[in-house]
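Residue numbers start at 1 and run along the sequence shown.
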Amino acid sequence: MKKHNYSAGPCILPDEVFEKSAQAILDFNHSGLSILEISHRSKDFVAVMEEARALVLELLGLEGKGYQALFLHGGASLEFLMVPYNLMKVNGKAAYLDTGTWANGAIKEARHFGETIVVASSKNENYNHIPKDYTIPSDADYFHCTSNNTIFGTQIKQFPQTQIPVVCDMSSDIFSRVLDFSQFDLIYAGAQKNMGPAGVTLVILKEEILGKTGREIPNMLNYQQHIAKESMYNTPPVFPIYASLLNLQWLKKQGGIATIEKINEAKATLLYAEIDRNPYFKGTAAVEDRSIMNATFLLEDEAHKDVFDTMWKEAGISGLNGHRSVGGYRASMYNALPLTSVQVLVNIMQAFEQKMNS
Ligand SMILES: *Cc1c(COP(=O)(O)O)cnc(C)c1O
């Protein structure tokens, strides 16, 4: 039986993406070849790459606005250092908002390249909220933030206004909600949270912000090289790109981001209402900063953990354990998770309440 997959990543994908991906492994486009054995320079794969890059910009409303979409290697973690490498001037500085483990990882890498100013941090409260009152230095080379904090279940709802380039790690909420994506100059995301399988990283950037650092940048780490080579500087991860394209096509068929956002909000509303109503559970994130992708919650009494864990596992739920730094539970409700799966979880939480009351 197919599980209700709440994994924080790699994520659930639509059934039709799994089916079409499986088909392409056996016979890609009736070519008599598997997608795993074709040349990345073949006409068929070049078409996949071009469509994927175009569809990313179309879905985000960034067509014709000077943006490039790239499919790269190395995960969001490599972007932690590619961003400063490509954007921080020699003797320059960068500004970072510290909202969680991943933001902190990005900050640590930036420090290799120059002065890294942390404009605000919620670390002392175990990242249970998004800091709001801070100033971004206008002489920094860029400002970096993390839109959704996968581990702590918080999400930026209102992005700061600034004249300097804005860089955003959107690994765990890209394509999940409507935003004015043109307020960002560079967006990156590891595919495996809400876009596709692990193994490829999406980078969307405005070309005009590049080439200003005065640094020598090695080719594989140089965005300008990847743009010039149309995301094929070296052999790209062919299969994860294809599966990501299938997922983006699925998203477009659903009605795009505006439609999926309504479904994501319905899922999050359903679950948070139960967390708040049910006396045996409590949420960990500040209410106004709650993520619609990753909901983090705890049992009021950890002594009943085994009972609850057995109940949700028996209901076919998978991947509900929280990250070790927060404990408790984390329900990751990425685009492909159906509302019916959230209802199953809510039913189990109510059944748990009844059991405790009896
Ligand atoms: C998972 C995650 C990362 C790390 O992604 P990798 O692709 O594994 O390097 C970075 N940032 C955020 C917000 C994440 O959720």
Side-chain angles (χ1 to χ4, degrees), residues 1-9 11-12 99-100 122 125-130 132 147-158 172-173 176-178 193-194 259-358:
M1 193 194 80
K2 184 76 186 161
K3 301 265 173 143
H4 303 286
N5 186 6
Y6 281 95
S7 170
C11 66
I12 183 174
T99 53
S122 48
E125 292 82 32
N126 202 28
Y127 296 118
N128 67 359
H129 69 282
I130 303 284
K132 311 266 176 352
S147 55
N148 185 69
N149 298 283
T150 327
I151 294 174
F152 300 94
T154 61
Q155 189 171 35
I156 300 179
K157 311 286 173 179
Q158 191 83 44
S172 53
D173 69 351
S176 71
R177 58 171 169 164
V178 176
K193 302 282 169 44
N194 203 32
T259 306
I260 210 79
E261 177 183 46
K262 290 205 182 74
I263 301 169
N264 288 335
E265 278 174 352
K267 291 185 288 184
T269 302
L270 179 63
L271 182 57
Y272 283 123
E274 182 60 19
I275 291 169
D276 292 341
R277 185 208 62 80
N278 193 316
Y280 293 94
F281 295 94
K282 60 179 174 211
T284 61
V287 172
E288 78 268 19
D289 300 328
R290 280 174 165 175
S291 165
I292 61 164
M293 291 275 97
N294 314 91
T296 49
F297 57 100
L298 304 171
L299 280 171
E300 280 289 350
D301 183 355
E302 281 289 313
H304 303 305
K305 181 173 163 42
D306 289 349
V307 178
F308 182 58
D309 288 358
T310 304
M311 288 178 74
W312 59 260
K313 283 175 190 164
E314 280 177 355
I317 289 171
S318 165
L320 198 65
N321 285 320
H323 190 269
R324 59 194 177 280
S325 56
V326 185
Y329 302 97
R330 170 172 51 168
S332 298
M333 299 174 282
Y334 296 121
N335 284 356
L337 185 85
L339 184 64
T340 47
S341 289
V342 182
Q343 192 61 57
V344 169
L345 174 57
V346 166
N347 291 349
I348 290 300
M349 293 166 77
Q350 292 176 351
F352 176 75
E353 177 189 19
Q354 275 162 20
K355 196 178 196 123
M356 290 295 115
N357 285 344
S358 63

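- Expressed to the nearest 0.5 Å, how far OG1 of T269 lies from CG of N264 amounts to 10.5 Å.
- In this pair, F352 and F281 present their aromatic rings tilted. The plane angle is within the 30 to 60° band.
- Side-chain contact between H304 and K355 is absent, with no heavy atoms from C-beta onward closer than 4.5 Å.
- N294 and Y334 are linked by a side-chain donor-acceptor pair at a separation below 3.5 angstrom, with hydrogens and angles left out of the test.
- Under the salt bridge (Lys or Arg N to Asp or Glu O under 4.0 Å) criterion, K305 pairs with D309, sequence neighbours left out.
- Applying the salt bridge (Lys or Arg N to Asp or Glu O under 4.0 Å) test to K132 and every residue at least two apart in sequence or in another chain returns E288, D289.
- By the ring-ring contact (aromatic ring centres under 6.0 Å, His included) test, Y127 is found to be paired with F152, residues two or more places apart in sequence or in another chain being considered.
- Between S176 and M293 the shortest side-chain heavy-atom distance falls below 4.5 Å.
- Closest approach of S318 and K3 over heavy atoms only: CB-CB, 4.0 Å.
- The only option from M356, M349, E300 that meets the side chain to side chain contact (heavy atoms under 4.5 Å, CB included) definition with N278 turns out to be M349.
- Closest non-hydrogen pair, G316 versus M1, comes out as CA-CE, 4.1 Å.
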Stepwise, does the side-chain contact (heavy atoms from CB on, under 4.5 Å) test hold for V346 with L271?
CA-CA 6 Å; V346 166; L271 182 57; 4.2 Å; yes

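- D276 meets the side chain to side chain contact (heavy atoms under 4.5 Å, CB included) test with R290; sequence neighbours excluded.
- The OH atom of Y280 sits 9.5 Å away from atom CG of D301, with the distance rounded to the nearest 0.5 Å.
- Among all heavy-atom pairs drawn from S172 and T150, the shortest one is OG-OG1, 2.8 Å.
- H323 pairs by the side chain to side chain donor-acceptor pair (under 3.5 Å) definition with S325, not counting sequence neighbours.
- Within the 4.5 Å cutoff, the side chain of I263 has heavy atoms near those of the K267 side chain.
- Between N149 and I130, the closest side-chain pair of non-hydrogen atoms falls below 4.5 Å.
- With sequence neighbours excluded, no residue forms a side chain to side chain donor-acceptor pair (under 3.5 Å) with E265.
- A ring-centre distance under 6.0 Å is found for F308 and Y329.
- Looking at residues two or more places apart in sequence or on another chain, you find a side chain to side chain contact (heavy atoms under 4.5 Å, CB included) between T296 and T284, A285, R330.
- Applying the side chain to side chain donor-acceptor pair (under 3.5 Å) criterion to Y6, with sequence neighbours excluded, gives no partner residue.
- Under a 3.5 Å cut-off, the side chain of N148 and the backbone N or O of D173 do not form any donor-acceptor pair.
- Within the 3.5 Å criterion, the main-chain N or O of I292 finds a donor-acceptor partner in the side chain of Q155.
- Taking the side chain to side chain contact (heavy atoms under 4.5 Å, CB included) definition, one finds that V344 meets it with H4, A315, I317, sequence neighbours left out.
- Nearest heavy-atom pair, V342 versus L270, reported as atom, atom and distance to 0.1 Å: CG1-CD2, 3.8 Å.
- Smallest separation of non-hydrogen atoms from N5 and C11: ND2-C, 4.3 Å.
- Applying the side chain to side chain donor-acceptor pair (under 3.5 Å) rule to N194 yields the partners N335; only residues at least two apart in sequence or on another chain are considered.
- Atom-to-atom distance recorded for I260:CD1 and R177:CZ is 15.0 Å, nearest 0.5 angstrom.
- Take E302 and apply the salt bridge (Lys or Arg N to Asp or Glu O under 4.0 Å) test, not counting sequence neighbours, and it matches no residue.
- When every heavy atom of A8 is checked against every heavy atom of S332, the shortest pair comes out as CA-OG, 3.2 Å.
- E353 meets the salt bridge (Lys or Arg N to Asp or Glu O under 4.0 Å) test with R277; sequence neighbours excluded.
- Other residues, nucleotides and ligands place no more than 12 heavy atoms under 6.0 Å from the NZ atom of K262.
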